[in-house]
Amino acid sequence: MTRRTDWAEQIAPEHHTAHAGQGLADGVDQGGADQGGDDAGYRGGGGRSGGRRRRRGGFGEGRGDGSQDSGPPSSSRAEKGEPPAGDPGERARAICLRLLTGTPRTRKQLADALSKRDIPEDVADEVLTRFEEVGLINDGAFAGAWVESRHHGRGLARRALAQELRTKGVDATLIEEAVGQLDSEQEEATARELVARKLRSTRGLDRDKRLRRLAGMLARKGYSQGLALQIVRQALEDEGEDTEDLGYDGG
């Protein structure tokens, strides 16, 4: 499996019309999938004329307060790159395209965004289904890229990865397929790497405190208590610590 850095730095489609799978493979965020807001967008360049700053119209242009420096008045929706309120279908498409330009999203994330912008449910469902048909929404590809990136970038175990995907509305079957990329051997190897990197910073502490700190770090990343204690105990033994009285033999 190709090693990647954190999702927040990895998954950014080059263009909002690219296939969802391609955007996921090209790589931005981590966290990015859940950081882009409804107001995200691109701002066009500006210039000065006669000592006065002028704005050029563009996708996502505007200060967001309903005002602008020059030109005819416009609504806040227009400044955000959205069509007029009278066309919910066009508004829904514009909102989805803008959000997908920033980072890949699941269908549920986009549905929630449309709901917050008062898009009727039937209109939202129609638009989202069409986006799935053309590949702009692909929850399976999203889940697979999320697992690969978050495991290699943050060292998260299958349990933690599954929980993150559930919060993003990914179907249980797709989650199972995605976390299935990782087997127990890969998970254990990653856990050992995490402990090895953290071990030095615990030197000088008493054994029990080192054990709690290292095992707690693995637990927060979704590793089971049994695996965490087994790996930490072995790491401490390799450093000459006596672990006979810890009451865990690794079985």
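For the numbers below, each heavy atom of this structure counts, side chains included, while hydrogens, waters and symmetry mates do not.
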At their closest point, which heavy atom of [X] faces which heavy atom of [Y], and how far apart are they?
X	Y	answer
Ala160	Gly222	CB-CA, 4.0 Å
Leu229	Ala215	CD2-CB, 4.2 Å
Leu218	Ala191	CD2-O, 3.9 Å
Ile119	Pro88	CD1-O, 3.8 Å
Thr106	Gln109	N-OE1, 2.9 Å
Val127	Gly89	CG2-O, 4.1 Å

Exercise. Is the number of heavy atoms from other residues, nucleotides or ligands under 6.0 Å of Glu121 CD greater than 12?
Worked result: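 Open.
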Problem set entry | Neighbour count above 12 (heavy atom, 6.0 Å) for Glu237 CD |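 Result for CD/Glu237: enclosed.
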Gap between atom [atom2] of [Y] and atom [atom1] of [X] - 0.5 Å precision:
X	Y	atom1	atom2	answer
Phe131	Leu100	CZ	CG	6.5 Å
Gln234	Gln230	CD	CD	7.0 Å
Arg105	Asp139	CZ	CG	13.0 Å
Thr167	Lys108	OG1	NZ	8.5 Å
Arg117	Ile95	CZ	CD1	5.0 Å
Leu199	Arg197	CG	CZ	12.5 Å

So does [X] pair up with [Y], basic N to acidic O under 4.0 Å?
X	Y	value
Arg212	Asp208	no
Arg192	Glu188	yes
Asp125	Arg107	yes

Would you find a donor on one side and an acceptor on the other, under 3.5 Å apart, between the side chain of [X] and the backbone of [Y]?
X	Y	value
Ser149	Trp146	no
Lys221	Arg154	yes
Thr129	Glu126	no

Any side-chain heavy-atom pair from [X] and [Y] closer than 4.5 angstrom?
X	Y	value
Val147	Leu165	yes
Ile231	Tyr223	no
Lys168	Phe142	yes
Arg91	Leu114	no
Ile175	Leu161	no
Arg93	Cys96	no
Leu128	Glu132	no

For this session: Apply side-chain hydrogen bond (donor to acceptor under 3.5 Å, both in side chains) to Gln186 and Thr190, showing your working.
Result: CA-CA 6 Å; Gln186 176 64 54; Thr190 300; 3.2 Å; yes
For this session: Would you please name every residue forming a side-chain contact (heavy atoms from CB on, under 4.5 Å) with Arg203, sequence neighbours left out?
Result: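 With neighbours one apart ignored, the set is Arg200, Arg210, Glu239.
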For this session: Just jot down the side-chain contact (heavy atoms from CB on, under 4.5 Å) partners of Ser184, sequence neighbours excluded, or say none.
Result: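 In terms of side-chain contact (heavy atoms from CB on, under 4.5 Å), with neighbours along the sequence ignored, Ser184 is linked to Arg158.
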For this session: Check the pair Leu156 / Glu164 against side-chain contact (heavy atoms from CB on, under 4.5 Å), numbers first and verdict last.
Result: CA-CA 10 Å; Leu156 299 186; Glu164 288 186 339; 3.5 Å; yes
